[in-house]
**Q** 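Mind looking over this structure? Questions follow.
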Amino acid sequence: MALRRSQKQKLYRYAVYVVLIAIAVWVALTANWARLVPLFLNPEVALKMLPSIITVGLVNTLWFTAVAFVAGLILGVILALMKMSVIGPFRWIATVYVELFRGLPAILTIFTIAFILPIAAGVPGKDLGGPVVLGLIGLILVAAAYMAETIRAGLQAVPKGQTEAARSLGMSPMATTFWIVIPQGFRIIIPPLTNEFVLLLKDTSLLFVAGTFIWSKELTTFARDASTQNANGTPLIMAALLYLIVTIPLTRFTAWLERRMARER
Amino acid sequence: MSTDLIDVHAPAIDIQGLVKSYGDNEVLKGIDLTVLAGEVVCIIGPSGSGKSTLLRSVNLLEVPTGGHILIEGIDVTDEDTDLDRVRQRIGMVFQSFNLFPHMTVLGNLTIAQRRVKKRGKAEAERIAREMLGRVGLAEKADAYPSHLSGGQQQRVAIARALCMNPDMMLFDEPTSALDPELVGEVLQVMRSLADEGMTMLVVTHEMGFAREVGSRLIFMDGGHILEQGDPREVLANPQHPRTQDFLSRVL
């Protein structure tokens with residue numbers, strides 16, 4: 001008797017499992033564990049990294065992300081409002097800005113800004129806050145460009161009737177934007193903004209191109225330097241785990257928010 | 001010029017030669033309409049007749065292409081007129097309610113009082129609760145709009161407009177988005193407003209309301225006012241053939 005449809009499906013599924021397990025076993029058996037473990041999962045090196053990889057590396061990463069996110073958000077709102085303005089030059093400036101900083105690699109922007117600003121201002125870099133501040137300025141400029149587009153989409157998704165209701169109550173355009181449109185627009189864009197927070201968190205690893213001090217190393221630079229000093233890859237693995245501890249809950253949170261918003265509609 | 005100088009003898013709304021076009025499409029073709037204080041004027045007409053555009057022009061949600069609109073003697077089409085000031089005197093109720101979904105009912109009713117009229121929190125809330133009482137929803141102050149029925153939302157929207165102490169109210173098909181069993185409660189609130197002497201301009205399909213509450217009925221078609229008069233008279237004995245045709249289809 002020929003196989004029934006459900007039996008065929010089951011057989012196919014088990015075949016896939018078998019292949020996957022076979023690949024995993026093959027990798028586990030053939031990998032050079034004797035070399036891998038001491039080099040990348042070395043408990044001694046790991047203990048040496050604690051707690052500084054967290055108190056310096058992770059804390060700096062979180063600080064830089066928070067500062068760049070908040071400043072980028074404020075600049076992003078201004079750019080989004082400029083893009084929606086009835087005044088032509090505002091729209092043009094915002095469009096050129098967004099296209100410029102979204103079109104360039106972030107690492108190039110950060111490096112160039114840190115290099116150009118002191119020369120343009122005619123003062124030494126340290127008078128402008130040093131490499132940390134200069135690097136952050138570059139990162140903020142990039143973050144704002146990405147967020148401007150998201151924010152504009154959110155603000156434009158607020159129904160026109162909301163603006164009309166506010167204006168018909170005598171509220172000024174600015175009061176309407178601030179009290180009615182922005183609060184609703186931001187509700188809509190919390191999921192994409194969370195994603196941009198995660199992207200920004202990872203992009204702080206580019207700040208090293210502006211230069212770093214021992215106290216200002218973010219997680220990636222901290223781990224890379226530690227791994228060079230110890231001739232051991234364990235700090236890199238630890239940094240990877242620390243990134244994931246922060247980013248995975250955030251992306252899960254985004255997914256949960258999106259599901260909840262889909263239900264509410 | 002100052003917008004504070006209200007001429008108490010001027011009509012509430014005085015529309016003179018109002019023209020509105022979108023590109024080549026002329027929606028209003030020279031409307032003249034005067035609404036006196038205390039009048040309840042209902043506008044009927046087929047869809048696309050320009051009746052909503054006319055209503056929305058009164059508080060300049062639609063900017064006229066030509067003509068003048070005087071609110072209590074103040075020309076709102078004048079570039080120097082402070083629109084935000086005039087709009088406080090004109091309450092507006094929309095077909096789709098347009099409550100602010102991110103605020104409670106109380107928040108909806110106090111935001112403009114606080115930000116525009118600069119009333120204190122306590123005073124704004126006292127007025128808000130008083131107006132909620134007038135529309136029979138005193139117990140819903142802390143609810144969010146999404147937890148209210150359509151009829152309740154529209155009554156809140158009316159209360160929100162009343163909080164600004166308007167001299168007149170515009171209603172843009174206020175019951176068209178409602179389930180049939182919820183229409184009555186909104187009309188009841190509008191009727192009580194009319195009884196209290198509120199000046200009202202109402203675009204509606206509710207012929208019963210127009211007949212019983214309206215002091216004047218206007219029939220519009222093709223961007224013109226084709227007929228107007230006592231609602232009972234117009235509904236029972238329409239003169240213009242287009243009015244006769246329209247009423248024969250809706251009644």
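No hydrogens, no waters, no symmetry mates; every other heavy atom, side chains included, goes into these values. As the structure is a prediction and not an experimental result, all values here were calculated from the model. In what follows, chains carry the letters A, B, and so on, assigned in the order in which the sequence lines appear, proteins first and then strands, with residues in each chain numbered from 1.
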**Q** Give, as side chain, backbone, both or neither, the part of B/Leu61 having an atom under 4.5 angstrom from any heavy atom of chain A.
**A** side chain
**Q** Heavy-atom pairs under 4.5 Å with chain B - which of A/Pro173, A/Ala175, A/Pro159, A/Ala166 has more of them than the others?
**A** A/Ala166
**Q** With a cut-off of 6.0 Å (strictly less than), are more than 12 heavy atoms of other residues, nucleotides or ligands near CZ of A/Phe186?
**A** yes
**Q** Considering only heavy atoms and a distance below 4.5 Å, find which of B/Ala161, B/Ser96, B/Gly91, B/Pro101 pairs most often with chain A.
**A** B/Pro101
**Q** Any side-chain to backbone donor/acceptor pair from A/Glu149 onto A/Ala145? Under 3.5 Å, distance only.
**A** no
**Q** Which region of B/Phe94, side chain (C-beta onward) or backbone (N, CA, C, O), has a non-hydrogen atom less than 4.5 Å from a non-hydrogen atom of chain A, or is it both or neither?
**A** side chain
**Q** Side chain from CB out, backbone as N, CA, C, O: work out which of these in B/Leu60 comes under 4.5 Å of a heavy atom of chain A, or both, or neither.
**A** neither
**Q** Applying side-chain contact (heavy atoms from CB on, under 4.5 Å) between B/Met169 and each of B/Val202, B/Leu162, B/Thr199, B/Val40, report the one that passes.
**A** B/Leu162
**Q** So, is the end of the A/Lys217 side chain (NZ or CZ) under 6.0 Å from the ring centre of A/Phe213 and within 45° of the ring's axis?
**A** no
**Q** Would you tell me whether B/Ser52 and B/Asp172 have side-chain atoms, one donor and one acceptor, within less than 3.5 Å of each other?
**A** yes
**Q** Could you tell me which portion of B/Arg160 (side chain, backbone, both or neither) has an atom closer than 4.5 angstrom to a non-hydrogen atom of chain A?
**A** both
